[in-house]
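All ligand and atom numbering here is 1-based and tracks the order in the structure. Because only heavy atoms are used, hydrogens play no part in the values below, and waters and symmetry mates are left out as well, while side chains stay in.
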Amino acid sequence: MKELEKRIQADGRVLGKDILKVDSFLNHQIDSQLMQDMGKEFARLFASQGVTKILTVEASGIAPAVMAGLALNVPVVFARKSKSRILTDDAFTADVYSYTKQTTKQIRVDKRFLIGDDRVLLIDDFLANGQALLGLKTIAEQANAGIVGAGIVIEKSFQPGRQNVLDAGLTNIHSLARIAAFEDGQVIFMNEEDEKVDC
Ligand code: 5GP
């Protein structure tokens with residue numbers, strides 16, 4: 001999505017080897033117009049899939065998920081994160097390891113909000129190592145729901161997330177921006193031909 005790539009070039013900041021900071025428009029201050037445009041793009045990409053529900057994880061997945069939910073006219077469920085493992089019968093749960101924070105958190109969704117008839121679209125802000133998506137996949141599977149695919153705002157394609165989720169059987173992944181590399185603090189995007197081959 002060109003509009004998003006331009007914004008990343010203009011306002012994203014590369015931190016260290018592999019972190020992109022986008023807090024001026026995506027996950028702290030939010031550019032609501034850009035967010036709405038991204039929701040419409042997700043809706044276009046998954047329009048034919050019969051999506052009945054969107055599943056994301058708090059906090060930064062919520063904004064793109066809500067915009068996609070609005071455009072597809074379906075409810076949005078976000079998994080809550082907690083540090084401690086809570087044992088309960090009324091929630092679906094999964095453990096998610098964060099490489100950026102080097103911590104494992106439990107994510108949980110109340111069983112009332114996902115059912116076996118659901119066709120779930122997973123949404124998140126970043127795809128890096130794939131741990132968040134795999135946790136969401138586990139939760140949807142516990143509900144016996146179908147998964148139609150995953151919509152990602154920014155994929156760091158030089159990290160193994162896409163391959164990890166493909167290996168786990170999650171296909172139909174669409175990322176609005178795919179980053180091939182960070183070079184001298186600059187963001188290099190994958191070109192469209194690479195994207196077509198690799199999608
Ligand atoms: P994964 O689970 O794919 O390893 O990482 C995805 C999660 O980690 C996202 O939900 C996101 O919050 C966070 N994350 C991973 N890489 C980055 C990054 O470069 N920048 C920011 N802001 N968050 C990231």
Of all the atoms in ligand 1, which lie at a distance below 4.0 Å from a heavy atom belonging to [X]?
X: Ala132; value: 2 (O)
X: Asp124; value: 9 (C), 10 (O)
X: Leu20; value: 18 (C), 19 (O), 20 (N), 21 (C), 22 (N)
X: Asn27; value: 22 (N)
X: Asn129; value: 1 (P), 3 (O), 4 (O)
X: Asp18; value: 19 (O)
X: Gln131; value: 1 (P), 2 (O), 3 (O), 4 (O)

Could you check whether any heavy atom of Gly130 sits closer than 4.0 Å to an atom of ligand 1, since that is the contact criterion I want to use?
yes
Contact between Val57 and ligand 1, counting heavy atoms under 4.0 Å?
no
Could you tell me if Gln159 and Lys156 have a donor-acceptor pair between their side chains, going purely by distance under 3.5 Å?
yes
Going by atom types alone, do Ser60 and Asn27 pair a side-chain donor with an acceptor below 3.5 Å?
no
Counting heavy atoms under 4.0 Å, the part of Lys156 that contacts ligand 1 is side chain
Looking only at heavy atoms, is any part of Asp125 under 4.0 Å from ligand 1, and if so is it the side chain, the backbone, or both, or is it neither?
side chain
I'd like to check [X] versus [Y] (side-chain heavy atoms, cut-off strictly below 4.5 Å). Are they in contact?
X: Ile147; Y: Leu170; result: yes
X: Ile152; Y: His174; result: no
X: Glu155; Y: Leu176; result: no
X: Phe92; Y: Glu141; result: no
X: Ile179; Y: Leu20; result: yes
X: Met67; Y: Ile54; result: no

Considering only non-hydrogen protein atoms, determine which one is nearest to [atom] and report residue, atom name and distance to 0.1 Å.
atom: atom 8 (O) of ligand 1; answer: Thr100 OG1, 4.2 Å
atom: atom 15 (C) of ligand 1; answer: Ala128 CB, 3.8 Å
atom: atom 14 (N) of ligand 1; answer: Phe126 CB, 3.9 Å

Does a side-chain N-to-carboxylate-O contact under 4.0 Å join Asp90 and Lys111?
no
In terms of side-chain geometry, is the basic nitrogen of Asp31 or Arg7 positioned less than 4.0 Å from the acidic oxygen of its partner?
yes
Ligand 1 and Ile19, any nitrogen or oxygen pair closer than 3.5 angstrom?
no
